[in-house]
Protein chains: 2
Amino acid sequence: MGIAERRLRQKEEIRAIILDTAWEMVKKEGWQSLSIRKIAEAIEYSVPVIYDHFENKEAILLEFTKQGFQLLFKKLEKAQEKYDDPAAKLTAIADTYWDFAFKNKEYYQLMFGLGMACCEFEATPETMAIRKLTQDIINELIGKNKVNSTNSCLKYHTFWSVLHGLISIKMMRKWDVTDEVNKLVVKDAISGFIKNLQN
Amino acid sequence: MGIAERRLRQKEEIRAIILDTAWEMVKKEGWQSLSIRKIAEAIEYSVPVIYDHFENKEAILLEFTKQGFQLLFKKLEKAQEKYDDPAAKLTAIADTYWDFAFKNKEYYQLMFGLGMACCEFEATPETMAIRKLTQDIINELIGKNKVNSTNSCLKYHTFWSVLHGLISIKMMRKWDVTDEVNKLVVKDAISGFIKNLQN
DNA sequence: TATATTTGCTAACAGTGTTAGGTAAATTCA
DNA sequence: TGAATTTACCTAACACTGTTAGCAAATATA
């Protein structure tokens, strides 16, 4: 009997509509302002209907996280296929990853838990003090003959990003390696960075 | 007349109590569950009193952000002072930065907007697919004679962290450089990483 | 002492996620 | 077909958020 099938299909349909609608709202107004009630109103159903399809709000977000990683994987796979040389492959992956992040900010922010309440941080006296301290040291390492503002700024950003990247990934996940390995990763990354500055 | 002064002092005091109490709550239960009402209850004042000291909740968070950056700066400055060699200085800064992040998770998360709603992400099929794709390429670059699981895992994490660090810093700030410079930073960082793999 | 100011409260508004309980329609079974 | 059962859906509530208007009491000033 096709009745059960039709019901399943209809249920699937509403689920898809919920996701589509939610996604549109996120693109328009960001994750912070996505609410179950607004979704319900947009799809012209009452609130509890949404709970027939998702256990809670987090389940909806999780669905998008999964979508995000799937999309990213597809793009990375395709990008890398075009090359034979592993160095070229890796560069292509990096490029594609970067593009994905900025062309799909909504996905990326969700996937990596970016964008808490308060902080779209600006240049305050506090952050500038840290920047100056670090940048002066990096300039010394680059060497007086090769220092220029572009280069210096670039290397500072790289240094900081390596550190912050390592930390934020470590901080946001459970399934992780030991503290010793983590420390090794930093040491390795930073020593590599310093070597690269000097050549 | 000292009355006005005493009043100012008392006002300052309540402000400090609000911050202290809020900080304790955050250490116990994280940022997500910090609320104005809970603070009010804890300090045994009514809710609107808090608004006499802070414009809104975000202002409280901003205060902590500032504190965080000040503390971080102090630690970095001290750490770097112990060395003369700039390479040693920079290493000390990286080490100290790392320690700060994990000994003061609450600060760090707030300072860099980490920890949105849903994601303490785990190893899903989607993320593992990406990991395998990337790690295989990195292994090739390391060279068959030098590959081992520690090394491979380490380099994978470094690669990903560099990328994610660059992206997440770029994504969370307004006062930023042009897209071209950003792309330069990635290219530079990744080519440095690759060079480092091969030597 | 009378007036003005500050202080702190209650109570509300508007929003959030989530769920209990009831009704009416659709489907199944006798 | 008619009764029983399941399903779909909604209203209304609960327990929370941040924020603010308006009022009463304590304090300081004239």
Show which side-chain atoms of residues 44-56 of chain A pair as donor or acceptor with protein atoms under 3.5 Å away, not counting sequence neighbours.
unit_1, atom_1, unit_2, atom_2, d
A:Asn56, OD1, A:Glu58, N, 3.3
A:Asn56, OD1, A:Ala59, N, 3.0

What about A:Arg37: does its side chain form a donor-acceptor pair under 3.5 Å with the base of C:dG15?
-> no
Rounded off to whole Å, could you give me the CD-to-C1' distance for the B:Gln32 and C:dG17 pair?
-> 14 Å
Which word best sums up how the rings of B:Phe193 and B:Phe159 line up, parallel for under 30°, tilted for 30 to 60°, or perpendicular for over 60°?
-> tilted
Separation of D:dT7 C1' from A:His53 NE2 (nearest whole Å) = 12 Å
Yes or no on side chain to side chain contact (heavy atoms under 4.5 Å, CB included) for A:Gln135 and A:Asn139, after CA distance, side-chain angles and deciding distance?
-> CA-CA 6 Å; A:Gln135 197 148 34; A:Asn139 286 345; 4.2 Å; yes
Residues touching DNA chain C, which here means a heavy atom under 4.0 Å, drawn from residues 12-21 of chain B = none
Return the set of residues passing side chain to side chain contact (heavy atoms under 4.5 Å, CB included) with A:Ser33 (not counting sequence neighbours), or none when no residue passes.
-> A:Glu29, A:Lys38
Length of the CD1-P vector between B:Ile36 and D:dT20, whole Å | 11 Å
Sugar-phosphate only, base, or nothing, as touched by A:Ile60 at under 4.0 Å among non-hydrogen atoms = nothing
Between the main-chain N or O of B:Leu154 and the side-chain N or O of B:Thr158, is there a donor-acceptor pair closer than 3.5 Å?
-> yes
Over how many whole Å does the gap from B:Tyr51 atom OH to C:dC9 atom P extend?
-> 15 Å
Below 3.5 Å, can you tabulate the donor-acceptor pairs from side chains in residues 183-191 of chain A to any protein atom, sequence neighbours excluded?
unit_1, atom_1, unit_2, atom_2, d
A:Lys183, NZ, B:Asp99, OD1, 3.2
A:Lys187, NZ, B:Asp95, OD1, 3.4
A:Lys187, NZ, B:Asp95, OD2, 3.3
A:Asp188, OD1, B:Lys155, NZ, 3.1
A:Asp188, OD2, B:Lys155, NZ, 3.0
A:Ser191, OG, A:Lys187, O, 3.3
A:Ser191, OG, A:Asp188, O, 3.2

Proximity to DNA chain C (any heavy atom under 4.0 Å), residues of residues 43-50 of chain B only = B:Tyr45, B:Ser46, B:Pro48, B:Val49
Would you kindly give the NZ-to-C1' distance between B:Lys57 and D:dT19, to the nearest whole Å?
-> 12 Å
With sequence neighbours left out, the residues meeting side-chain hydrogen bond (donor to acceptor under 3.5 Å, both in side chains) with B:Lys105 are none
B:Lys74: salt bridge (Lys or Arg N to Asp or Glu O under 4.0 Å) partners, not counting sequence neighbours | none
When the distance from CZ of A:Arg9 to C1' of D:dT7 is rounded to whole Å, what number comes out?
-> 17 Å
Once you round it to whole Å, what is the distance between C1' of C:dT6 and NZ of B:Lys11?
-> 9 Å
With A:Ser161, which residues qualify under side-chain hydrogen bond (donor to acceptor under 3.5 Å, both in side chains), at least two apart?
-> none
For the helix from C:dT1-D:dA30 to C:dA30-D:dT1, how many degrees between its two end axes (five pairs per end), to the nearest 10°?
-> 20°
So what does B:Asp52 hit on the nucleic acid, given a heavy-atom distance under 4.0 Å: a base, only sugar-phosphate, or nothing?
-> nothing
Pairs under 3.5 angstrom, nitrogen or oxygen only, protein versus nucleotides 4-6 of chain D, please.
none

Show me the donor-acceptor pairs within less than 3.5 Å that the side chains of residues 78-92 of chain B make with the rest of the protein, sequence neighbours left out.
unit_1, atom_1, unit_2, atom_2, d
B:Asp85, OD2, B:Ala88, N, 3.3
B:Lys89, NZ, B:Tyr83, O, 3.3
B:Thr91, OG1, B:Ala87, O, 2.7

For the pair B:Phe100 and B:Tyr107, name the ring-plane relationship: parallel under 30°, tilted 30 to 60°, perpendicular over 60°.
-> parallel
Can you tell me if CD on B:Glu77 sees more than 12 non-hydrogen neighbours from other groups inside 6.0 Å?
-> yes
side-chain hydrogen bond (donor to acceptor under 3.5 Å, both in side chains) pairs, two or more places apart, involving residues 10-25 of chain A = A:Arg15-A:Glu63
Atom-pair distance (CG on B:Leu8; C1' on C:dT6), nearest Å = 13 Å
Mind telling me whether A:Phe112 and B:His164 have parallel, tilted or perpendicular rings, with 30° and 60° as the class edges?
-> tilted
